[in-house]
Amino acid sequence: MGAKIFQALETDIQEELKLSFLDAETNLMETYVNITSEELEIFLQMLSLSIKHGIIPIKNGAIYFSWDFRNSFSFVTSTLSTIGYGSIAPRTPMGQMFCVFYSLLGIPLTIIFLQSVSNALLQTLSEFEKYLQNMEMKETQIRTCEVLFFLVTGLSIFILLPPLLFMKMEGWTYEEGLYFAFISLSTIGFGDYIIEYTNYGKMEQKNSYKVYYHLHKHLKLMCDGNSRYKG
């Protein structure tokens with residue numbers, strides 16, 4: 001629901017800017033031979049404004065809209081997870097005000113929900129501890145096994161394996177993928193690397209890839225919430 005509201009609030013101005021940009025582009029092409037510095041400056045200002053509002057020319061007349069539902073959903077998840085990449089953000093006053101109230105309500109509810117899910121997962125993981133106890137292991141040995149289990153699985157699922165997927169889907173190096181995974185999972189979210197951009201210059205994602213990416217972020221948040229709960 002939040003994604004649809006953001007999309008509705010931000011789409012109208014994008015439609016207007018798209019028409020303005022296409023008109024400016026047409027005028028530039030028609031007068032290219034005798035173009036003046038003033039005309040070029042006007043075009044560049046319109047181009048900058050369009051990009052700022054998520055209207056990005058690609059090639060062959062194609063125009064990329066940042067506020068489609070897919071990217072709106074991505075914005076919602078990055079907001080509720082408090083990562084906030086900054087690659088997409090509301091620009092209209094109504095969109096910005098809705099973002100404030102949406103975040104005030106949505107972030108606490110998301111934390112409560114993820115803590116509930118993580119507590120449910122703990123019930124399953126507690127069976128592992130009981131299994132070790134039945135093997136008559138010492139308490140220190142059980143704790144060591146638990147730490148090693150969570151360390152290995154955590155690093156593998158959240159840090160070491162995702163860069164391999166990013167290498168294939170984004171054309172990044174392993175180091176870039178590792179950097180992006182850490183910046184995302186630590187909720188720093190600089191926004192210098194975002195998964196919408198591929199090495200072919202297109203802004204697209206396969207649905208399965210995007211589902212994995214959002215699950216990847218929220219599984220990490222569940223672990224964070226659970227560790228705070230246990231503490």
Side-chain angles (χ1 to χ4, degrees), residues 1-3 70 72-85 102-196 205-231:
M1 290 177 61
R70 183 172 56 183
S72 183
F73 186 82
S74 179
F75 167 75
V76 166
T77 59
S78 66
T79 300
L80 297 182
S81 60
T82 68
I83 295 177
Y85 292 119
Y102 181 79
S103 301
L104 287 174
L105 177 64
I107 292 175
L109 289 178
T110 301
I111 294 174
I112 293 173
F113 170 73
L114 294 179
Q115 282 185 340
S116 299
V117 175
S118 65
N119 290 336
L121 291 176
L122 266 185
Q123 298 300 320
T124 302
L125 296 176
S126 64
E127 298 297 326
F128 177 66
E129 183 175 353
K130 292 180 180 179
Y131 171 76
L132 296 178
Q133 290 175 344
N134 292 335
M135 294 179 62
E136 298 182 352
M137 295 181 63
K138 296 181 179 179
E139 188 69 20
T140 55
Q141 292 177 321
I142 293 176
R143 296 305 175 196
T144 301
C145 289
E146 288 180 337
V147 170
L148 289 175
F149 173 78
F150 285 111
L151 184 62
V152 172
T153 55
L155 286 176
S156 299
I157 295 174
F158 299 127
I159 300 295
L160 301 179
L161 294 181
L164 298 176
L165 183 63
F166 299 143
M167 290 174 63
K168 178 177 176 59
M169 300 299 297
E170 301 295 330
W172 296 344
T173 65
Y174 184 84
E175 291 77 10
E176 290 173 326
L178 187 67
Y179 166 79
F180 172 75
F182 175 79
I183 293 301
S184 298
L185 297 182
S186 61
T187 69
I188 296 174
F190 290 127
D192 50 348
Y193 285 85
I194 50 176
I195 62 173
E196 282 80 5
Q205 299 165 319
K206 294 183 178 178
N207 290 334
S208 58
Y209 172 50
K210 194 159 189 177
V211 168
Y212 165 80
Y213 171 69
H214 292 309
L215 287 176
H216 177 241
K217 288 195 298 186
H218 284 85
L219 278 173
K220 185 265 180 185
L221 288 176
M222 282 190 285
C223 293
D224 283 352
N226 179 62
S227 63
R228 296 190 189 102
Y229 177 79
K230 290 178 68 178

* Asked: Do the side chain of Tyr174 and the main chain of Leu160 share a donor and acceptor less than 3.5 angstrom apart?
  -> yes
CG (Asn119) and CG (Leu114) are apart, to the nearest 0.5 Å, by 11.0 Å
*Check the pair Tyr179, Phe190 against side chain to side chain contact (heavy atoms under 4.5 Å, CB included), reporting the backbone distance first and the verdict last.*
CA-CA 11 Å; Tyr179 166 79; Phe190 290 127; 3.4 Å; yes
Interatomic distance, CD1@Ile83 vs CD1@Ile183, rounded to 0.5 Å, equals 10.5 Å
Scanning both residues in full, the closest heavy-atom pair of Ser103 with Pro108 reads O-CD, 3.7 Å
Check your understanding: Counting only N and O atoms by type, is there a donor-acceptor contact under 3.5 Å from the side chain of Ser184 to the main-chain atoms of Ala181?
Key -> no
query: Just by distance, do the side chain of Ser116 and the backbone of Ile112 share a donor-acceptor pair under 3.5 Å?
result: yes
Any side-chain heavy atom of Leu80 sitting closer than 4.5 Å to one from Phe113? no
CH2 (Trp172) and OH (Tyr193) are apart, to the nearest 0.5 Å, by 7.5 Å
Interatomic distance, OG1@Thr79 vs CD1@Ile107, rounded to 0.5 Å, equals 7.5 Å
Short question: side chain of Ser156, backbone of Thr153 - any donor-acceptor pair under 3.5 Å? no
For Ser72 and Ala3 the tightest heavy-atom approach is OG-O, 2.5 Å
Interatomic distance, NZ@Lys138 vs CZ@Arg143, rounded to 0.5 Å, equals 15.5 Å
In Val147, Ile142, Leu148, the residue satisfying side chain to side chain contact (heavy atoms under 4.5 Å, CB included) with Thr144 is Leu148
Here the gap from Ile194 atom CD1 to Glu170 atom CD, rounded to the nearest 0.5 Å, amounts to 9.0 Å
